[in-house]
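Contents: one structure, followed by commentary.
Letters A, B, ... mirror the listed sequences (proteins, then strands); counts begin at 1.
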Protein chains: 2
Amino acid sequence: MTEVTLGRYLFERLHQLDVTTIFGLPGDFNLSLLDKVYEVPGMKWAGNANELNAAYAADGYLRIKRLACLVTTFGVGELSALNGIGGAYAEHVGLVHVVGVPSIASQAKQLLLHHTLGNGDFTVFHRMSNNISHTTAFISDISTAPAEIDRCIRDAWVCQRPVYIGLPANLVDLKVPANLLHTPIDLGLKPNEPEAQHEVVESILHLLRHANNPIVLVDACASRHHCTREVERLVDLTQFPVFTTPMGKSGFNEAHPRFAGVYVGTLSQPEVRLAVEAADLILSVGALLSDFNTGSFSYSYKTKNLVEFHSDYTKIRQATFPGVQMKETLASLLAQIETAGGAVNPGYIPPPIVRPSVIPGPASPETILTQEYLWTQVSSWFREGDIIVTETGTSAFGIVQSRFPNHTIGISQVLWGSIGFTVGATFGAAMAALELDPSRRVILFVGDGSLQLTVQEISSMCKWECNNTYLFVLNNDGYTIERLIHGMNATYNDIQPWNNLGILPLFNAKRYEAIRVATTGELDRLFADEKFGTPDRIRMIEVMLPRMDAPSNLVAQAKLSELTNMEG
Amino acid sequence: MTEVTLGRYLFERLHQLDVTTIFGLPGDFNLSLLDKVYEVPGMKWAGNANELNAAYAADGYLRIKRLACLVTTFGVGELSALNGIGGAYAEHVGLVHVVGVPSIASQAKQLLLHHTLGNGDFTVFHRMSNNISHTTAFISDISTAPAEIDRCIRDAWVCQRPVYIGLPANLVDLKVPANLLHTPIDLGLKPNEPEAQHEVVESILHLLRHANNPIVLVDACASRHHCTREVERLVDLTQFPVFTTPMGKSGFNEAHPRFAGVYVGTLSQPEVRLAVEAADLILSVGALLSDFNTGSFSYSYKTKNLVEFHSDYTKIRQATFPGVQMKETLASLLAQIETAGGAVNPGYIPPPIVRPSVIPGPASPETILTQEYLWTQVSSWFREGDIIVTETGTSAFGIVQSRFPNHTIGISQVLWGSIGFTVGATFGAAMAALELDPSRRVILFVGDGSLQLTVQEISSMCKWECNNTYLFVLNNDGYTIERLIHGMNATYNDIQPWNNLGILPLFNAKRYEAIRVATTGELDRLFADEKFGTPDRIRMIEVMLPRMDAPSNLVAQAKLSELTNMEG
């Protein structure tokens, strides 16, 4: 084979980076492109239920596998996906969004095609996406097309932000040299400027030498930019206590002896808050300090000795070092610490880790289930390898109280916070898990309100027999998180009640189980049942909860949110 | 009451224009605004299942009631709605999209709030919407806010394109003078420049005097810009034959003796094509000449005497008259024709109308149902007042073969063509119909594939007990329209089969009927059943159709489409 079609070239490139499921929907301007998916051995076309769900699914897939691609059609398809792309931008998720666009000839003639605004403007949707993409390519020349595709894929991978590729329908069948595929896409980070990095590392070592109570704080971008091993090595060498944020949860092994809890400002458990705020040096890795990630910006460090490691800069106290990327910086720092035998400050004595106490369960198994009980008990049911997906709402707050075993992956969308996200993301994560290790469980916690926005993606799980999924639907009769923020009794926070247990049979699930739990005893029995714990069918568990019941950290957060919203 | 809150001001203004249902979803930045919906007597909050569906619903509502509003929240909510807004732009639908945005103080401090990109940019989503809005207002000053709201509502009404209003959460509770509400919003069109209009009318009269075979061709914008009465008067006075396009269908009374059929270029029925293409003068009203509306641009007039009436310009042969709007121009033309007693050309003899023949039904009632049979028979079941909603796909093409009674309204999205649109639009249209006349039926024809994108909006119909709805689900086992365009046997055009008859009970419909028809006899019995015809519950009718069966005009269109797509 000396030549391949441009469409196949794209999918071969993605396959080289272990993308083996493509998400999206067919549409008039991408059909020929989709033919090429099937030409690449091992590549699958997921076929989602709608484009927003497809973007969510790609997001979930990527959080397990590092890269993901969705294909939509011009105008109607791509605009439907934009909320998912915006979320990927906010949360550092490097989706490759490929849009099938009208042929070059149609564009040149400004034809009044369907899926256009009817005004001959063929670049308007590209311009819109440009606002929420790291980079874009609106391909028009076959000779530069492979390089453009490579550039976009590289940027998605390296920068972990979404990229946009517009592919005219007539170009996907044109040929490009096959040997271009023999040179892998360069995925290396640009090296840090040596002098700047040297200065950064020396400054940090200086702070370390004088710190008696340093801690490590792990946030979302530590995982997203693949620095979790460096962080673990840092902790192993130094024995510093390590904390995560809500978005950073699962970015550090919670079974590690130096893991000390989740820090959320004033919403933290008291032991955690005390330990973080008394530190005399904080090494913050991959911070994304959004309101819900910080207890409405209620961080209150006593120290000025804050070091922030970011994917594209470093900050030490008040000094910013643009372009000094954390991956290489951490490696250099680790080398120095190793040289020093771990003890940069020989006087440092690692403090004991005070783990927050777990509240004991209730006496009677007939007790009505509460959020408090659910989130306390669920930790014992989790096991190594689990992928735990929590929806914005009570779940994203409740999960903070739980303890993850090692090698779990947490998926949530704390910064972007688009309700409905997790149903799509669960499908994507389930596909990724099936590819990597079908024994891994994908466990979703979603509210009855959020479920309604994207319910049809459960149909995709049925189609692909994602028998590794557990769908916990927390039924509290509406939008409880919004009720807590504003409008406790307002009907706009009500929803139409559904017969949720009928969803799997409606979508023709093959092997499934649909059950309802309402008491602590029922939940306990479920978690004790080994059969239930074995991922051999799609499971929906409707968890009945009181209408205004919520995790205590959400109740506190909601009050702070309304204040922020109303500030003049 | 000397003052009202800004939030209430907005909804009072909309209520003055007979908008009495507001569509959308609650979100942190619009909750205080939603409180104000309930303060306006007679105003309802629909509470949709997701934002894209809300936009579709508002679109459907507007096509019955002339104006509509949807409310979303910052970032996540508004981006989800964009495909619906783009459709409204393309199809001339004047939606008022109100977005609850963070407070002025949060914006000024560039807080890393949830629902943001995390980069302090609070105008990015407004900029994106700006591309598909007629005008926008990102409110920041309470003193000018009422005028900004009025300006946007006026533009939506007059120009029938979507407008965007960003309302900071802290401003909606601030007070504005109540007496502003006493002056109605000026909704008048700017008068045409008299000399230009005079020249236009004289030129048209000149053409009319010499035309022996003139026709009128009614397209979408005749309805959308409210010129249908003028057109009917024109036909009554002149007795010219009148045709519609697919998008213009229902824009002219099909029971009128001078109605002669639907023109779609080479895809027209032969009698229609012959009549239109032999005309020596064509008066085209509100044309939107998109591919699917014209049989892939296969219009083939013999005459150069084409007059195009548009909402914002007129074109006579090769001469364009910018700013000469059709509403006033038609009125002036009508006055001249009335003065002449209708007969501008005394030698004109109105030709007889040749109606396309209706194909007779099959002999045996056990015959498998086909699209051909469905679309031929359905005309007899339609009745005056019906609102008929047809999805992009086989339905939008099939409906062209049917005959509408008087006072029906057709809803489809031929130019934008976003699949799933009609499920949301049906909910909106049903709400509008319930407000105007609950005996009007809202009849949806949607494919099993399209249904999956937006199925949850049927839950809103259940919540509001839209017992005036008929949901015909055309089950042909996947995306038949795409199979015809490309990929006849490709699995990407397959979908997961659903138990569609379980949808209404899943969503807890109160009064409903769910039935399946698969033979001509079953369909005939249904249409003959008076009880079935009475709108007293939500009805879903699953119509089983062969996988590759399609209306003949769609088969022809699909071939033309693939050619256009692949043109280099």
For the [atom1] atom of [X] and the [atom2] atom of [Y], what is their distance to the nearest 0.5 Å?
X: H114(B); Y: N293(A); atom1: NE2; atom2: CG; result: 12.5 Å
X: L415(B); Y: L112(A); atom1: CG; atom2: CG; result: 6.0 Å
X: L111(A); Y: L289(B); atom1: CG; atom2: CG; result: 12.0 Å
X: L113(A); Y: F297(B); atom1: CG; atom2: CZ; result: 5.0 Å
X: E78(B); Y: N83(A); atom1: CD; atom2: CG; result: 9.5 Å
X: S450(B); Y: N50(A); atom1: OG; atom2: CG; result: 11.5 Å

Proximal component of [X], with respect to chain B [non-hydrogen, under 4.5 Å]:
X: N130(A); result: neither
X: L25(A); result: side chain
X: T454(A); result: backbone
X: P102(A); result: neither
X: F421(A); result: neither
X: N119(A); result: side chain
X: L82(A); result: both
X: P505(A); result: backbone
X: K44(A); result: neither
X: F292(A); result: side chain

Give me the atom names and distance for the closest heavy-atom approach of [X] to [Y].
X: M128(A); Y: N131(B); answer: CG-ND2, 3.5 Å
X: E482(A); Y: L31(B); answer: OE1-CD1, 3.4 Å
X: L52(A); Y: S80(B); answer: CD2-OG, 3.6 Å
X: F507(B); Y: Q496(A); answer: O-NE2, 2.8 Å
X: G502(B); Y: L506(A); answer: C-CD1, 3.3 Å

So which of [options] has the biggest tally of heavy-atom pairs under 4.5 Å with chain B?
options: I481(A), T491(A), V101(A); answer: T491(A)
options: G118(A), P26(A), S460(A); answer: P26(A)
options: V37(A), L79(A), N508(A); answer: N508(A)
options: H115(A), Q452(A), R127(A), Q413(A); answer: H115(A)
options: F125(A), Y492(A), W45(A); answer: Y492(A)
options: Y89(A), Y38(A), Y479(A); answer: Y38(A)

For chain A, which of [options] has the most heavy-atom pairs under 4.5 Å?
options: C462(B), G87(B), A46(B); value: C462(B)
options: S32(B), G86(B), A490(B); value: S32(B)
options: G24(B), S459(B), G487(B), G47(B); value: S459(B)

Starting from the C-alpha separation in whole Å, work towards a yes-or-no answer on side-chain contact (heavy atoms from CB on, under 4.5 Å) for W416(A) and L117(B).
-> CA-CA 7 Å; W416(A) 189 242; L117(B) 296 179; 3.9 Å; yes
Take H486(B) and D35(A) through the side-chain contact (heavy atoms from CB on, under 4.5 Å) test and state the conclusion after the steps.
-> CA-CA 10 Å; H486(B) 187 90; D35(A) 288 339; 2.5 Å; yes
